[in-house]
Amino acid sequence: MKQKIKNKGKSFVEWLKYGDKEIGHLYKGGLASTRREFRGVKDTMVDYVNWLKIWGVMMAFTSKAPYKIARGFFTYRWMPSYLGVPAFVDRNSMGLRGNMLKICHENFRRVVEAGTVYIANMMIADTRFGDGDEELSKKIVLFDEMTMSQIMGGFPNLIGIPYQLMPVFLVSEIDQLICIPYIDAIESFGLPSDTCPVPTSEAGAAVLDAYPLMGSCFIASTMPCDGSVMASSYQERRFKIPTYPLCFPVRYHDEDVLFSGVEDIKGCIKFIEEHTGEKWSWDAYFENMKRYNEELDLEMERWAINKTNYPQIFGSTSALYREFAYQIDGGLDPRTLKTYKKVNAIMEDGYEKRLPITRHHRYRAIVWSCPSHYYANFPSWLSACWGITVLADMEMLNYDKPLNVEDEDEAFKDLARVYSRMVMRKHTNGGYENVLPELWKVVEEYNADIVIMYQHVACKTMVGLQGLFDEQARERGIHLIWVPHDLMDPRTVSRKEMRQSVNRYMEAVMGATPVDPSLVDFDDERTW
Amino acid sequence: MKDLKHMIYFEKLLENTNNELIEQARSEGKLALGYTCFSMIEVLLNIDKCFSVRLRAPNTGSMDIATYYMSNYTCEFCRAILERCFEGGMNFMDAFCAVDACAMMNRCAENIELLDLVPNEKFFVTHADIPYKVEDFTVRHYAVQMRKRVLNELRDVYGVDTSDEALRDALNRHNELCAIMTEIGDLRKLDNPPITGYEFHVLNLITYCCPQYLIIDKLRETLEEIKNRKPDPKPWYKARVVVVGSEIDDLDLIRLIEETGAFVVADRFCFGSIPGREVIEIDEESDEDLLTQICRHYLEVSECPRFMSSEKVEQRRITVDRLAREYNADGVIYEQIKFCDFWGFERALASHIQAEEYGHPVLSIDRPYSAKSSGQLRTRMQAFVESLEIKKIQKAKEARK
């Protein structure tokens, strides 16, 4: 009896310290945001304070133009979906404790902060209602969301906005159902249903008039894939502003055609100058790229730590921040560097103390191919349910060389190199060398036990290599778990089906038992 | 109309990828260079001792092995080519000159390369990078790629003469063939033409898929025959259509369209003659070298939807409208092979634009690689032809009023 009481007392103390062992009950039924995970007293406080900070960022954003932003909520269907941001951060921090929890919040808060600035500028400049801020609108250069931001480093007085980022791309990670109306609209128009949901949704959003109207010009791009090339003609037709097609070599490792990328960058800069009246500033560009290089150094530190036996960052927390810093921010905002420094300090502390990355870490994993947007937090589930820690993601392992900040000719070349290697171009351009032998190299570098191989069913570049991946993994004895998805359309493959792919492999092939059995099977088809 | 003298022979040649003329050319020491895309410059593949073979996979049945390697979500043309390689049907190739113009064909080429599917000792696959717009620097880009990835590879691996003289010779031969095909093709503009769309398609495919030097005599003869051919007193067709879209190498598809009463007056699709069979004009006074001028021509005339700059997008729409007017077409058929991203997007938008802004009746279809057994396709074609007929009757009635 005494022992029983003692045990109960002990487990109560442990509960207070470490929180819930099983969290599946949070994801059963309606919206997950109505209940919060208990992570132990200390970490719950950390989580709660950061949760409030996220709301703080969002409230601060609405105060910039309360009327226009409120109007946007009733005009654009994607705007209310951003109320799901705190729930999105919750999903990405499921099961996290200690340092990793802090890192997760730091990274996501910076991304949310940047996103709110984009939305605020879009709402203030929106000319749809006749009261858009025309001065601001003239200063805005719209970019295809798949285009990098570094060029804007040379135009300090202009504002670059990745046009489809907020109405389509980012929101699809927050609300899994948001792209469905876009997809349905464009398919009703006649587009085949087998195309990638990214360009499909972008074109659908144009047809549904989901983009606020603004900007002096638009930079379209061929990036990353054939579908994106084609979506441009739909968007250009809708946007009705001067458009520059930025087109980089497909075989970008071939330095013999680097000049083509350089000439295109020069053409793009000239186009922006012509349509905004602003002049390109090398001083401003170099200053911004110095910051970009500093961020890159810190990113390399992260990669180095993760290759050791004591990794300190994992999953979407790591990948999404890298993609944000690399492509969307591009060294332009000092706050991104600040967050890098803060997070790296936490990581270094954890590494020095040899802290385990999570309390239930069992397997080291790499995720390869394009991840699902509607299940951006899939790595968090992998960790919480099976103890699979995703140490690197294909999309974050892009250009790792610093950009030249001294010589103008060399700087142009580096710009062409980095633009050619934007996020998602690794698996869509440049040949199989980028993804097939590269995967085995990364597996070795990170000493990975498992490869989570996303099978984006509509990505015709990656599925074109599926047989070779399968064969070569077998030859090497690598555990390669295929996880099908349809990027932005959860109707094709649901989150539950994605989880089942892993569950089946872990049970049947690995003979493993889940670290949290309550997360093996649950319904979340109607949640954010 | 009386049957064309060589038609059955030509049809027979198209029954297999590796036909008797390819075998004959190889036995004469020529090099067979496979390719699949307009962007791989055909002229270059006929230089010196080389001859071009635009790859197709007639009589494709199961594509199970290719589907394992490339999934069932990829273009059937790409999978059919890969499957045919697994079957050994492409073993005649000395090189596969691929372009990185569409992702799926690129992956097809990579599978052929990595799985070592063509057992010829010196066989190689080359991947050329194709620009997305036409500017001076992209022309240079294209020329650099063609020189490095095609001509230099051929020179280094097979000792092919890639000099300007050899290139000019290849160009002259190409232009001679194109002049014949253009003359034949122009006859389709007549109200009661001495050639059908199907016959033209066969002749055109022959020029793409056989060693050109072995068929040029028969083509010349066929041109004379068609010029002197007596058409039936009344035109055989119910409506005239322009076919626009992705690759058609399937004789049965054009046959199916014409069986429903539509005369295919213009072939604006991959493997068609517009563009592809126009004479390449060279400016002897230009500062640009011969290769660059040829590259510029290909970029400028290309109607591939992957060219994304506004002027090229506009060019494609204007071309379709121009063809419809020039060839006096009653309607336009936009077709797309299933899973083709470029033509999937282009078809959906351009078909609306042609109908709503240019006023052409449009049929928009997607189709499998082998179309002959598609009852659904036949029904849609029939319905379209009937609608065009009704429009013509109504127009005639209004004119009488």
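Every value quoted in this text rests on a predicted model; they were computed, and no experiment measured them.
Two residues are said to be in side-chain contact when any heavy atoms from C-beta on lie closer than 4.5 Å; B:Arg347 and A:Pro192 meet this criterion. Side-chain contact between B:Asn106 and A:Arg251: present, with at least one pair of heavy atoms (C-beta onward) separated by less than 4.5 Å.
By a heavy-atom distance cut of under 4.5 Å, B:His352, B:Ile353, B:Glu357 are the residues of residues 351-365 of chain B near chain A, going up by number. Within residues 237-245 of chain A, the residues having any heavy atom closer than 4.5 Å to a heavy atom of chain B are A:Arg237, A:Tyr244, A:Pro245, listed by residue number.
To the nearest 0.5 Å, the span separating CG on A:Asp256 from CG on B:Asp129 amounts to 11.0 Å. The line from CZ of B:Phe137 to CG of A:Asp264 is 4.0 Å long, rounded to the nearest 0.5 Å. Within the model, atoms CZ of B:Phe345 and OG1 of A:Thr200 stand 4.5 Å from one another, a figure rounded to the nearest 0.5 Å. Here CG of B:Leu114 is found 7.0 Å from CD of A:Gln472. Values are rounded to the nearest 0.5 Å. Atoms CG and OG, from A:Leu246 and B:Ser309 in turn, are 12.5 Å apart once rounded to the nearest 0.5 Å. How far CD of B:Glu110 is from OG1 of A:Thr461: 10.0 Å, rounded to the nearest 0.5 Å.
For B:Arg149, the part lying under 4.5 angstrom from a heavy atom of chain A is the side chain only. At a 4.5 Å heavy-atom cutoff, A:Gln455 makes no contact with chain B through either its backbone or its side chain. Residue contact with chain A, scored on non-hydrogen atoms closer than 4.5 Å, involves the backbone and the side chain of B:Pro305 alike. Within the 4.5 angstrom heavy-atom criterion, only side-chain atoms of A:Leu436, from C-beta onward, approach chain B. Heavy atoms closer than 4.5 Å to chain B are found nowhere in A:Ser228, neither backbone nor side chain. Both the backbone and the side chain of A:Glu263 come within contact range of chain B, each with at least one heavy atom under 4.5 Å from a heavy atom of that chain.
Nearest heavy atoms, B:Met70 versus A:Gly464: CG-O, 3.6 Å. When all heavy atoms of A:Val229 and B:Tyr132 are compared, the closest pair comes out as CG2-CE2, 3.7 Å. The two residues A:Ser232 and B:Met308 have their closest heavy-atom pair at OG-CE, 3.4 Å. Nearest heavy-atom pair, B:Tyr68 versus A:Arg474, reported as atom, atom and distance to 0.1 Å: OH-NH2, 3.4 Å. Annotation for B:Val144 and A:Val257: closest pair CG1-CG1, 4.4 Å, computed over non-hydrogen atoms. When every heavy atom of B:Thr67 is checked against every heavy atom of A:Gln466, the shortest pair comes out as O-NE2, 3.6 Å.
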Does the pair A:Leu468 and B:Leu115 meet the rule for a side chain to side chain contact (heavy atoms under 4.5 Å, CB included), with working shown?
CA-CA 9 Å; A:Leu468 289 167; B:Leu115 293 164; 3.7 Å; yes
Could you walk me through whether B:Arg107 and A:Tyr432 pass the side chain to side chain contact (heavy atoms under 4.5 Å, CB included) test, one step at a time?
CA-CA 8 Å; B:Arg107 292 305 191 213; A:Tyr432 70 88; 4.1 Å; yes
If you apply the rule side chain to side chain contact (heavy atoms under 4.5 Å, CB included), what do you find for A:Leu191 with B:Leu349, and how did you get there?
CA-CA 8 Å; A:Leu191 189 72; B:Leu349 184 56; over 6 Å; no
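At least one donor-acceptor pair under 3.5 Å links the side chain of A:Asp226 to the backbone N or O of B:Ala103.
Across B:Glu135, B:Gln145, B:His141, B:Arg140, a single residue satisfies side chain to side chain donor-acceptor pair (under 3.5 Å) together with A:Ser260, and that is B:His141.
Atom NZ of B:Lys338 is surrounded by 12 or fewer heavy atoms from other residues, nucleotides or ligands within 6.0 Å. Residue B:Gln376 places its CD atom among 12 or fewer non-hydrogen atoms of other residues, nucleotides or ligands, all under 6.0 Å distant.
Of the residues considered (A:Cys459, A:Gly267, A:Ser221), A:Ser221 shows the highest number of contacts with chain B, using heavy-atom pairs under 4.5 Å. Taking chain A as the reference chain and counting heavy-atom pairs below 4.5 Å, the highest number among B:Arg306, B:Lys148, B:Gln336 is found for B:Lys148. Between chain A and the residues B:Asp136, B:Asn111, B:Asp100, B:Asn72, the most heavy-atom pairs under 4.5 angstrom are made by B:Asp100.
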